[in-house]
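Order of the sequence lines fixes the chain letters, A, B, ..., with proteins taken first and strands second; residue numbering starts at 1 for each chain.
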Amino acid sequence: MSTTTLETPKKTVHLESATVRFCGDSGDGMQLAGTQLTTTSAIVGNDVATFPDFPAEIRAPRGTLAGVSGFQIHFAAKEIFTPGDEVDALVAMNPAALKTNIDALIPGGLLIVNTEAFDKKGLEQAHFASNPLEDGSLDQKYKVIKVDMTKITREAVAALGLSQKEADRCRNFFAMGLVFWLYDRPLDPTLRYIEDKFGKRPDIAEANRKALNAGYNYGETTEAMAVKYIVDSAHLPPGTYRSIVGNTATALGLVAASKLSGHDVFYGTYPITPASDILHELARFKNYRVMTFQAEDEIAAITSSIGASFAGKMGVTGSSGPGIALKGEAMGLAVMLELPLLVINVQRGGPSTGLPTKTEQADLLQAMCGRNGECPMPVVAAQSPVDCFYIVLEAWKIATRYMTPVIILTDGYLANGSEPWKIPDVSELETIEVKHPGPSVNGEPFMPYARDERLARPWALPGTPGLTHRVGGLEKQNITGNVNYEAQNHQQMVDLRAKKVADIAKELPPQTVEGPDRGQLLVLSWGGTYGACRTAARNLIAQGKSVAHAHLRYLNPMPANLGDLLTRYDHVLIPELNKGQLRLLIRGTYLVDAKGFNKVQGKPFTVSELMTEFNKYLN
Amino acid sequence: MSTTTLETPKKTVHLESATVRFCGDSGDGMQLAGTQLTTTSAIVGNDVATFPDFPAEIRAPRGTLAGVSGFQIHFAAKEIFTPGDEVDALVAMNPAALKTNIDALIPGGLLIVNTEAFDKKGLEQAHFASNPLEDGSLDQKYKVIKVDMTKITREAVAALGLSQKEADRCRNFFAMGLVFWLYDRPLDPTLRYIEDKFGKRPDIAEANRKALNAGYNYGETTEAMAVKYIVDSAHLPPGTYRSIVGNTATALGLVAASKLSGHDVFYGTYPITPASDILHELARFKNYRVMTFQAEDEIAAITSSIGASFAGKMGVTGSSGPGIALKGEAMGLAVMLELPLLVINVQRGGPSTGLPTKTEQADLLQAMCGRNGECPMPVVAAQSPVDCFYIVLEAWKIATRYMTPVIILTDGYLANGSEPWKIPDVSELETIEVKHPGPSVNGEPFMPYARDERLARPWALPGTPGLTHRVGGLEKQNITGNVNYEAQNHQQMVDLRAKKVADIAKELPPQTVEGPDRGQLLVLSWGGTYGACRTAARNLIAQGKSVAHAHLRYLNPMPANLGDLLTRYDHVLIPELNKGQLRLLIRGTYLVDAKGFNKVQGKPFTVSELMTEFNKYLN
Amino acid sequence: MSTDALPALPVLKATDFASDQDVRWCPGCGDYSILAQMKKMLPSLGIPPHKIVFVSGIGCSSRFPYYMSTYGVHSIHGRAPAVATGVKVANPELSVWVITGDGDALSIGGNHLLHAIRRNLDMNIVLFNNQIYGLTKGQYSPTSPLGKVTKSTPFGSVDNPLSPLSVAIGAEATFVARSIDVHIKHLGDVLHRAAEHRGTSFVEVYQNCNIFNDKAFEYLTDRDTKADATLEVEHGKPMIFGKNRDKGIRLNGITPEVVELGKGISEDDLLFHDEQLEEPTLAYLLSRMRHPEFPVPIGVLRSVERPIFEERLHAQIADAVKKRGEGDLNELFQAGETWVVK
Amino acid sequence: MSTDALPALPVLKATDFASDQDVRWCPGCGDYSILAQMKKMLPSLGIPPHKIVFVSGIGCSSRFPYYMSTYGVHSIHGRAPAVATGVKVANPELSVWVITGDGDALSIGGNHLLHAIRRNLDMNIVLFNNQIYGLTKGQYSPTSPLGKVTKSTPFGSVDNPLSPLSVAIGAEATFVARSIDVHIKHLGDVLHRAAEHRGTSFVEVYQNCNIFNDKAFEYLTDRDTKADATLEVEHGKPMIFGKNRDKGIRLNGITPEVVELGKGISEDDLLFHDEQLEEPTLAYLLSRMRHPEFPVPIGVLRSVERPIFEERLHAQIADAVKKRGEGDLNELFQAGETWVVK
Ligand SMILES: Cc1ncc(C[n+]2csc(CCOP(=O)(O)OP(=O)(O)O)c2C)c(N)n1
Ligand SMILES: Cc1ncc(C[n+]2csc(CCOP(=O)(O)OP(=O)(O)O)c2C)c(N)n1
Ligand code: SF4
Ligand code: SF4
Ligand SMILES: [Mg+2]
Ligand SMILES: [Mg+2]
């Protein structure tokens, strides 16, 4: 790994971590800028965490508030779990971006703006009464670097004969270059990216290179920037790493589970934000024998997946809240058929269509209870982008061992956020053993609802001689699987289905805590809030506070030792991005007076708000 | 009201109550026999409660176990709430009916069988190894009356020249006649029914009359029946009564709510057992301006109803569990649109297709949580067939006052069960006031999400000048209703929607209890188990036990005083026909260590099993 | 749709139908043009904005109602025809429009579309067909051509596409038409015809999604190709097309063929368009004609009168009220066997 | 559907396809006959029961799989085509049959039917059309005639019915046929043709529900009327019908008409049936013919070969494996920019 860091006479300051946000118009390439800074930071050995923030509109009119797109990167010389509460440096490509993002910048932080965009039209679109670059309102609070990025970029690429539109498209590389200089990042990875991506258009590639260097050099030369910051590499465990976003991790997890269990993936789905990228990823993995099926709707998506599971494949369906609501009836069928199936919910802001591009974790109770009748399903939740990979492996193991559909909860924050992934060696991953009964030739009737020691029924595959059988959504007789309306049989089957799921707890790893194993406060979290809760808890533990953090990956059933654990602390606090859904379950199950800290704003917790809240229970 | 009771020399015994069950093949007219006995008993002043039990098949092959249809009637000289745990007299028209129903007959009870059906084929179809009428197995336990109903009926109608098939169809009237004699019931109401129903086929009418009288006379003359029973009239409150089944009560409730609020019903639905009869009833009420819309599926059913509510009608949709699962996404839309809407769930056995013709109360958590996002909806539940009428009135009042969709839970037991209804005088029923803003001519923009003191938004009707506005499933700005993705606004709107529903509790009547207002045991029930729980509790209270019974009609929000109430008893027991759904909510909400008594067998609680269970907490 | 024009109504302009909301489609999107033509056409109906309801599902196209100053419901994905059915049955006086996309109408919403069309409510359905899922950023749709490379089909789609007009005709449609976003006069006329039709009118509008499926209909809009690629059908007129109007459609048995006029073939040999044929076979045949084998028909393919759902439904109610009198609750409660306890 | 007949396979009989479950339809129900013909036909395919899957939704008709000794899924209402799609894509070796009713297929399941048909998977869909909801005890269905009095329409239905075959043809069907429960030989032949078709075959079977809609098709089954009411179409044959085979169908422009043979009209003047026409217009035209104006066509209306969904899907997979090699997890994980921490 080589770097291109230049010698510089400027002052350098070492930081433990830094948080940067690029923001601009949707057309300004901010997501790319963010991704490049992420990869580069990871490559230099930082731990990183990111938070992209897309506009809800596809392409709102240029320059409008609605059209602002942002990407936040937190990189550090230590282990980190969140993209950062506030930013140390903000790059704003236009007035609208400034307006919607300035509140995130810490007082005294660095603000880099593209002055050219602050013309009359731009200011009006952002509803600025006066030019904030000129009225002094910013200079008091922040270190403002005013650069005419447009002009410099145009000049830098002038020789290449591009159209002005094309030239202006290189501005994000200028901004990157500037930030790379600021945080002493190498340009190599980005240069490689440019080669990869624009190799076929050498003029464009060259322009981007020139813009990048221009930005870098601008930092080097401008007197406005007197300090450059060094964030040393974190001491991450040795290994090969890549940066991965949650949805990609989910997709890779599915392929891995498929290979580890020897069952090809059938992914039946219908596009929906923020789940669609799982489909986009999987559709590319054709040589992994992944079958993707873009169904006519969510109901066809899940029912086709059930059909595929019946026929012996790894049936998977994925969606977000509104689509999951549509799958409720069919999940009931899967519960009755006792077939393995994964149902992935990438949660987003609700209710109804809600806030499609924002994160939330308000579908937990839907996952637990959103079906008619007594219809238990295991529920697991990923805790980080990388965990999306591992949770899928666990879910498929449960699904096949217990012959049951399993719900996997992720969310928009995990789906689009990224972190470094220490790539596992495939040989280290646990094989997922799956049995299918072989052909029966003795003519004895096959018993599709006979059960093994885990109460799982046999997964008999169509095509196997001697095992023909019929399944369906009507209540069935124990063992024979025939339709049966008898009172005692129904009781027995309802109890069996419940017990089968409840007993999974016996094979789950016990719930662990970070921090003291008894004390004043236990913070109990689940899903995508892991990072913020863990950080807040660690910070307070470091201050010597009596706080511990337990994070649930298994929501149904919960780990067997959880009830005991909850009794060991004076207070139990459950922070959630909903109005208290896990809290209801914990209180109802364990009769513990758990308190809630709840926020439903389409965005993740900040570490500082969590620390403030935790402190209320601590002394 | 005249009776045709004949003078009889036989012994008469007075009873406080009696329970009779007719059972036979689906084609045997048992439902009619049961209904006639019900009406007649009600007319003579008894309190009555019934429980019909249909086969799942439309018309299973004649004589099979699967084809047995039954109807149980409990009539009494006192107030009763259930159709009875066991039966005093069982009429079995064939071996299959005997086989599947005999266990319900009390030891020493009266068994009336049609001997003609006990031929080789009939016995085989019922899987009897030997003829139970001959092998003595029955005679030891029961008083068996063996009648060749077929023969006597054929003889009775011989003169009318009917085909044998037509003649045999009169057998149920023979059976009725016999039972009417046994319990000293008048024949008049049935004779009137025959006239009404068969007036156009005088030969059939006459045959049924003859069969009815033949049965009655058979009772009078046969030596096998030595006693006739008298059940005196109950001291019901004075008034005009009719017998009503739950689904009819629901339908009448809808029409009443419509008229009392001045909004025509739009009932969008898709047929499903056991909810379809609500559609069948409503479809007849065209001169009440009821619009019924049999949609292409449940989703169209609810979304069309939402459209109708938007356009200013009383939007109502009804279904059972699987169909309700399909409506989840659209309920979310209704919550966002804040429009009044009724969603009726006539619960049946689940999960999935489950036990379509059986009762269960396992959709409570689905009603509470079966939607994506934070999506609160008021939930109410009927407690008896008659209460289906009143609960609809309350639900519509809530829906219109608070501008919210409301879920109404009933179940298969209530839907098909009947009881006497003291018909209210229309002038006594509370008017449901509904406001719509009038035309606006001042050109000021209309604010569709402005709120009144109950946090309800205005119900502005399309067609009104000056009030044009757009609603949708995306999060909306408070007051203006414009699409809005801002963090604080989302928090505010989520909180507002939650508070609006929670605050309904302020206007609910406080929760009452039957029995002591503090003590050893509080039995807390909801829905269709009211009757059995109330009876069991009353029986124990009469024995001086320290037990009280509270029955919840409002499940979300719950009455404001409930939490306090729960603390006043040593134990709280929640009997439910599910695995503990209300229990989870009560424990989670009030942190009370409520115990459960749960049964999931497709049938209601018996009073005796409840008493046994209650006693475990009493001394 | 009732047109009870108010006598004192001021003459309306296109701007009277515009809401105060910023339009949020991508710059260059074909949706703008359809919005403009709708606003321009509506004043000609003489119906004030407050008697109009626009109902949509979810999709870029489905944002449409927000931009109109009428009543509107931006409902959930695929369900607009069902919501609109409720609105129209509840209040037949309203002019009801469904705005939908190819995914909204034909993928998740296919069934509701089918049933709304067969019921023949007096409402108007406008399907913006851009052959792509716009809002979810570019997956193929049920109208995307086979082999289409999209985000969800990096190796090309393997689904046979549907023809929206064939589907509508298969579902007993009484009014079926097609137009193109940029053919603004034609589009305005077709929308007007749709509005005037008594019964469900179904209009497919080819719409350019310049972000995810740019130029899908270029052959129909490009100056050089459009005349040869488009067949503008008109009632009673022979089917002639081409830059020089020298080509036509002739029937060979039951199969259409493209012929050149002149060379022994005259207008009279051509197929004449008849919107009003009792049986929809001709409309169906036209709906099958696809580029490049055939020119693509635009205009009104079919327009016939058939009984209207909500009219029959309300007629039953009116009839019942007439026969039995306005329903009285006491009577309803007392129906059947009753008895008195004293 | 793969027919890889096993060489050593014993010859199968109808009874080999019967399960041990009691059949629970009402005595006299038309479903019995369809079940019998299916069991009689299947042995002719040379496919053993364990390579066959019957998938159904909910309805009386949908109980069908329980009575077969094959694999089976009695799924949920309306979703059988989607479940079957998953089965077939997962294992193209299986012979997959969808059994559905008019409510199951055309009401709640309309959309799945549409999409299964347009995708053209190699599977068979048999719709039992009794023009009523049987299982829920007698509400009208989307195929019930207008004015039909049922439990849910005591004043008569106000919904225009759908024609299942028109819907299928509107959805790009490659095989469309119709038969009648009691025409046992015809029904057996049609089922056989359906099984042999490569692609989705769609068969409508008129089925008598003697409990809730008795005699709905009496005109087609009654000895006196059936010959004049039925048009049995055969590929390449003129369309002749009638007790004395003296009536025929002729095309007038694009409209069919009933003519009497003799009187100057010969067979050659009649419409000749062609199942294999590129364009489905003829099949569509036939699907419109309704009693009493026309005889009702039975037989195979359309049968053409088109690319098959699961074949193309698996071809893409095979192709990718061939080009890139069998997917390797390590490679997958390592894709993109990676770095090493020491
Ligand atoms: C139940 C549900 N499923 C999926 C989605 C995601 N979704 C929104 S719009 C859309 C498709 C849009 O395509 P189209 O109808 O063609 O409209 P366009 O954006 O192209 O105008 C999808 C899949 C959703 N909002 N709701
Ligand atoms: C989601 C759902 N909605 C409704 C029902 C009730 N239901 C079962 S079968 C049926 C219709 C049956 O009609 P059809 O498909 O014509 O079958 P048939 O009984 O006539 O053979 C209905 C409405 C159901 N089981 N599930
Ligand atoms: S994505 Fe396409 S359809 Fe959607 S607004 Fe942009 S250009 Fe229009
Ligand atoms: S109800 Fe009709 S369709 Fe159903 S089994 Fe009986 S006769 Fe057959
Ligand atoms: Mg589209
Ligand atoms: Mg049917």
Side-chain angles (χ1 to χ4, degrees), chain B residues 1 39 42-43 45 189 192-193 236-243 252 255-256 259 266 268 285-289 291 293 295-297 299-300 303-313 315 329-330 333 337 423-426 445 462-474 482-483, chain C residues 19-21 48-56 58 65-66 68-76 78-91 93-94 111-112 114-115 313-314 316-317 319-321 323-330 332-342:
Chain B
M1 190 187 69
T39 317
I43 289 176
R192 277 202 301 274
Y193 169 83
L236 297 174
T240 304
Y241 282 77
R242 65 180 280 189
S243 170
L252 295 191
V255 180
K259 292 294 174 194
F266 177 98
F285 303 149
K286 293 241 184 290
N287 64 323
Y288 292 80
R289 301 190 181 277
M291 293 162 266
F293 175 56
E296 57 271 26
D297 65 12
I299 302 174
T303 48
S304 61
S305 302
I306 291 171
S309 284
F310 179 74
K313 297 296 185 240
E329 190 205 6
L333 178 66
L337 301 193
I423 301 171
D425 195 273
V426 175
T464 317
L467 305 187
T468 60
H469 64 284
R470 278 69 52 195
V471 293
L474 288 166
N482 291 333
V483 173
Chain C
S19 80
D20 61 349
Q21 296 296 294
H50 68 265
K51 294 205 163 184
I52 301 178
V53 182
F54 277 89
V55 180
S56 65
I58 302 286
Y66 290 125
M68 302 296 299
S69 68
T70 64
Y71 286 88
V73 184
H74 177 226
S75 74
I76 44 177
R79 320 302 174 186
V83 174
T85 297
V87 171
K88 186 69 189 179
V89 168
N91 186 351
E93 296 285 296
L94 300 169
N111 203 33
H112 309 302
L114 206 82
H115 285 273
L313 189 151
H314 285 284
Q316 286 191 342
I317 290 175
D319 196 49
V321 171
K323 287 211 186 101
R324 309 183 182 193
E326 194 72 55
D328 172 73
L329 279 188
N330 278 318
L332 182 72
F333 295 170
Q334 306 271 350
E337 193 84 52
T338 63
W339 65 93
V340 178
V341 172
K342 299 227 179 69

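The parts of B/Pro424 that come within reach of chain C are both its backbone and its side chain, each placing non-hydrogen atoms under 4.5 angstrom from that chain. At a 4.5 Å heavy-atom cutoff, B/Ile306 makes no contact with chain C through either its backbone or its side chain. In this structure, the portion of B/Phe285 lying under 4.5 Å from any heavy atom of chain C is its side chain and not its backbone. Heavy atoms of C/Gln21 lying under 4.5 Å from chain B belong exclusively to its side chain. Interface remark: B/Ser243 contributes backbone and side-chain atoms alike to the contact with chain C (heavy atom separation under 4.5 Å). Contact of C/Val73 with chain B is made through backbone and side chain together, with heavy-atom distances under 4.5 Å. Only the backbone of C/Thr70 has a heavy atom closer than 4.5 Å to any heavy atom of chain B.
By the 4.5 Å heavy-atom criterion applied to side chains, C/His112 and B/Glu296 are counted as neighbours. Put simply, the side chain of B/Asp425 does not reach to within 4.5 Å of the side chain of C/Phe333, judged on heavy atoms.
With rounding to the nearest 0.5 Å, the separation of OG1 in B/Thr303 from CD1 in C/Ile76 is 6.5 Å. Remark: C/Ile317 CD1 to B/Lys286 NZ distance equals 6.0 Å, nearest 0.5 Å. Taking CG from B/Asn287 and CG from C/Asp319, the interatomic distance works out to 10.5 Å, rounded to the nearest 0.5 Å. A distance of 11.0 Å separates CG in B/Leu337 from NE2 in C/His74, rounded to the nearest 0.5 Å. Atom CH2 of C/Trp339 is separated from atom CG of B/Leu236 by 8.5 Å, given to the nearest 0.5 angstrom. Considering CG of C/Asp20 and CG of B/Asn482, their distance stands at 6.0 Å, rounded to 0.5 Å.
For the salt bridge (Lys or Arg N to Asp or Glu O under 4.0 Å) condition, the pairs that include at least one residue of residues 332-342 of chain C, sequence neighbours left out, are B/Arg192-C/Glu337.
Put simply, of B/Pro462, B/Pro238, B/Gly466, the one with the most heavy-atom pairs under 4.5 Å next to chain C is B/Pro462. Ranking B/Leu252, B/Val483, B/Leu467, B/Asp297 against chain C, the residue ahead of the rest is B/Leu467, based on heavy-atom pairs under 4.5 Å. Most heavy-atom pairs under 4.5 Å with chain B: of the set C/Arg324, C/Lys323, C/His314, this distinction falls to C/Arg324. With respect to chain C, the highest number of heavy-atom pairs below 4.5 Å among B/Lys313, B/Arg289, B/Lys259 belongs to B/Arg289. Contacts with chain B were tallied for C/Leu332, C/Asn330, C/Thr85; C/Leu332 has the most, counting heavy-atom pairs under 4.5 Å. Annotation: maximal heavy-atom pairing with chain C below 4.5 Å, among B/Gly239, B/Pro445, B/Gly472, occurs at B/Gly239. Interface remark: of the candidates B/Ala300, B/Ala295, B/Gly463, B/Ala330, B/Gly463 forms the most heavy-atom pairs closer than 4.5 Å to chain C.
Here the shortest heavy-atom pairing between C/Gly72 and B/Phe310 reads O-CZ, 3.8 Å. Pairing each heavy atom of C/Asn91 with each of B/Ala311, the nearest pair is CB-CB, 4.4 Å. Residue B/Tyr288 comes nearest to C/Leu329 through the heavy atom pair CE2-N, 4.0 Å, listed as atom of the first residue, atom of the second, then distance. Annotation for B/Phe266 and C/Gly86: closest pair CZ-CA, 4.1 Å, computed over non-hydrogen atoms. Taking every heavy atom of both residues into account, B/Arg470 and C/Ser19 meet most closely at NH2-CB, 3.7 Å. When all heavy atoms of C/His50 and B/Thr464 are compared, the closest pair comes out as CB-O, 3.4 Å.
Within the 3.5 Å criterion, the main-chain N or O of C/Ser69 finds a donor-acceptor partner in the side chain of B/Thr468.
Using cut-offs of 30° and 60° for the angle between ring planes, the B/His469 and C/Tyr71 rings count as perpendicular.
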